[in-house]
Amino acid sequence: MPELPEVETVVRGLQETIVGETLIDLEIPWEKAFSPDDAYDSLMGKTITTVSRRAKFIIIEFEKGALVVHLRMTGKLTPVYPEKHVTVILHFQSGNALYFQDMRKFGRMVYTDDPQNLLSHLGPEPLSAEFTPTLFWTMLKGRKQKLKPLLLDQTFLAGLGNIYVDEALFQAGIHPESKAGSIPWKNIQSLHGAIQSILSRSIEAQGTTILNFSHGDNLSGTFQTALQVYGRKDEPCIVCETAIKKIKLAQRGTHFCPGCQRMYL
DNA sequence: CGGCCATCCTGCACGC
DNA sequence: TGCGTGCAGGATGGCC
């Protein structure tokens, strides 16, 4: 499933392939994937000027207006025609096309005149200069909820997904059920560092990073080898050999080491 | 406010 | 072998 680093990789690819393309047709085989349904006239004949990312959203900007895309679990944007699960197709004047393929059909593409406003509810970017340990401390201060659900809240911090939250909390030695406002300054610094290093290492590993854990899907690539708790239920912790525990937290599978990750209450 | 839950989807694992 | 059941998850919205 695409997390922030995968989305960043997709965006970098699109910057090379679709900027300058002019839209001449729009096909929507799966209607729920696209909104609003009267966007056709606004988009036709428009040329793509930039492609960027905000959290896990892809922003495809035209001369006027933008398509904002969220891949959710299984979405892909590809210039190569996929046989199955195509939800939206952009046809360009050049003869090229961009296919939105999405097996589970959770992904969405929205046309908007004002992408900034559409995404204004999002919290800070975890890799931005703005997101400092001091800011993180301010954000956590006084918060009473459990740490992991808060870290997954995109209005709190934008871009972290389930897998990387588990990994960051392990790396920082903090129990996912800790009370957010009770984390000591030193450990906030550790967590901040863990979040940034995991995300940036994963971006570096991009070409080969495939984090699709849904059951039988094979993990290929390099970053999987860096996963220390996610998907390792009952296996020994790589640090202390305690069996990795899996619980349900905020409706999400949550992996942690009871030996290494301390609970702050 | 915090913590639940359902919803959307499909493919795969598992048990019988 | 084959079938039914349950699980996985990002984000939103509703409920208590």
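The chains referred to below are lettered A, B, ... by the order of the sequence lines, with proteins before strands, and numbering in each begins at 1.
- For the pair R72(A) and K84(A), nearest-nucleotide mapping onto DNA chain B gives the more 5' position to R72(A).
- An OP1 or OP2 oxygen of dC9(B) is reached within less than 4.0 angstrom by a side-chain nitrogen or oxygen of K32(A).
- Applying the 4.0 Å criterion to OP1 and OP2 of dA8(C), one finds that Y230(A) has every side-chain N and O outside that range.
- Distances shorter than 4.0 Å separate none of the side-chain N or O atoms of K146(A) from OP1 or OP2 on dG3(B).
- Between R252(A) and dG10(C) there is a side-chain polar atom (N or O) within less than 4.0 angstrom of OP1 or OP2.
- In this structure, K148(A) reaches neither bases nor backbone, as no heavy-atom distance under 4.0 Å exists between it and the strands shown.
- The side chain of K56(A) contributes an N or O atom lying less than 4.0 Å from OP1 or OP2 of dA11(C).
- With respect to the salt-bridge test (charged N to carboxylate O, under 4.0 angstrom), the residues E177(A) and K148(A) do not qualify.
- At a threshold of 4.0 Å, the pair K76(A)-D102(A) does not count as salt-bridged, since none of the basic side-chain nitrogens sits closer than that to a carboxylate oxygen.
- For the pair K248(A) and dC4(B), the criterion of a side-chain N or O lying under 4.0 Å from OP1 or OP2 is not met.
- Between F131(A) and M139(A), the closest side-chain pair of non-hydrogen atoms falls below 4.5 Å.
- For H121(A), a side-chain nitrogen or oxygen approaches OP1 or OP2 of dT12(C) to under 4.0 Å.
- A salt bridge links E8(A) with R53(A): the distance from a Lys NZ or Arg NE/NH1/NH2 to an Asp or Glu carboxylate oxygen falls below 4.0 Å.
- Here dG3(B) is the nucleotide among dG3(B), dG9(C), dT12(C) with the atom lying nearest to any side-chain atom of Q145(A).
- Between H70(A) and dA11(C) there is a side-chain polar atom (N or O) within less than 4.0 angstrom of OP1 or OP2.
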